[in-house]
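Report on the following structure.
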Amino acid sequence: HEALVDWKPKSLKACLEQCGVSHQTLLEKDELVKALAKCLGDNEKLRLQMLTFCEICCRWLRTEDMWPLTCSHLCCEICLGRHLTVEAEKMLNNAKRHAIPCLFPDCATPISATTAAGFCKQVR
């Protein structure tokens, strides 16, 4: 329930539709949150399909808001976007390119230019 409170009503409604729950009579955001929490609480399989935990920001988010990296790590789009911004600023400040490190400190696999470009194209 706590994870859903930060979601926008549009996201809550989309997830309720995926659950097969009508939201036409639910007018308040709190009603949407309660209905989705009940639906996901009653169906573990559906909950695991729809929600994924971002280990960077420590939040449960919609699985579709996650971005898979070459190294098999998974982070949310917000964290990846912030990370790529910081790395781009470093490159501009130092006037030289470098490999973009994974968000996970112990990972030696860099984020490929293809992944970074694909992400940037999608979020524009």
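Keep in mind that this is a model prediction, so the values were computed, not measured.
- L32 places none of its side-chain heavy atoms less than 4.5 Å from the side chain of L4.
- In this structure, C54 and W60 have side chains that are not in contact, with every pair of non-hydrogen atoms separated by 4.5 Å or more.
- Here the CD-CG distance, from Q24 to L26, works out to 8.5 Å after rounding to the nearest 0.5 Å.
- Checking side-chain atoms of T85 against main-chain N and O of G81 turns up a donor-acceptor pair under 3.5 Å.
- The shortest distance between side-chain heavy atoms of C102 and T109 does not fall below 4.5 Å.
- Residue pairs meeting the side-chain hydrogen bond (donor to acceptor under 3.5 Å, both in side chains) criterion with at least one member in residues 45-59, sequence neighbours excluded, are T52-T63.
- The shortest distance between side-chain heavy atoms of E28 and V33 does not fall below 4.5 Å.
- Under a hydrophobic-cluster definition in which Ile, Leu, Val, Met, Phe, Trp and Tyr are linked whenever side-chain heavy atoms come within less than 4.5 Å, directly or via other members, W7 and F53 are assigned to the same cluster.
- In this structure V86 satisfies the side-chain contact (heavy atoms from CB on, under 4.5 Å) test together with K90, sequence neighbours excluded.
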For the pair M66 and E77, evaluate side chain to side chain contact (heavy atoms under 4.5 Å, CB included) and give the outcome as yes or no after the intermediate values. CA-CA 6 Å; M66 304 303 282; E77 292 177 343; over 6 Å; no
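- Residues L48 and L36 are members of separate hydrophobic clusters, defined by side-chain heavy-atom contacts under 4.5 angstrom among Ile, Leu, Val, Met, Phe, Trp and Tyr.
- Every pair passing side-chain hydrogen bond (donor to acceptor under 3.5 Å, both in side chains) that includes a residue from residues 13-22 is listed here, sequence neighbours excluded: E17-H23.
- Looking only at side-chain heavy atoms (C-beta outward), C57 and C79 come within less than 4.5 Å of each other.
- Contact check for L103 versus I111: side-chain heavy atoms found under the 4.5 Å cut-off.
- E31 places a side-chain N or O within 3.5 Å of a backbone atom of L27 that can act as its donor or acceptor partner.
- Follow the hydrophobic side-chain contacts under 4.5 Å out from V5 and you never reach I78; the two are in separate clusters.
- No side-chain heavy atom of P68 sits under 4.5 Å from any side-chain heavy atom of H73.
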C76/I56 under side chain to side chain contact (heavy atoms under 4.5 Å, CB included): CA gap, chis, key distance, verdict: CA-CA 8 Å; C76 72; I56 302 298; over 6 Å; no
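- Under a 3.5 Å cut-off, the side chain of N43 and the backbone N or O of C39 do not form any donor-acceptor pair.
- Ring geometry for F119 versus W67: interplanar angle over 60°, hence perpendicular rather than tilted (30 to 60°).
- Both L84 and F104 are part of a single hydrophobic cluster, where members link through side-chain heavy atoms under 4.5 Å apart.
- Counting heavy atoms from C-beta on, the side chains of L69 and T115 come closer than 4.5 Å.
- Atom CZ of R62 sits in a crowded spot, with more than 12 heavy atoms from other residues, nucleotides or ligands closer than 6.0 Å.
- Residues P101 and H83 share a closest heavy-atom pair of O-NE2, 2.6 Å.
- At most 12 non-hydrogen atoms from other residues, nucleotides or ligands lie less than 6.0 angstrom from NZ of K38.
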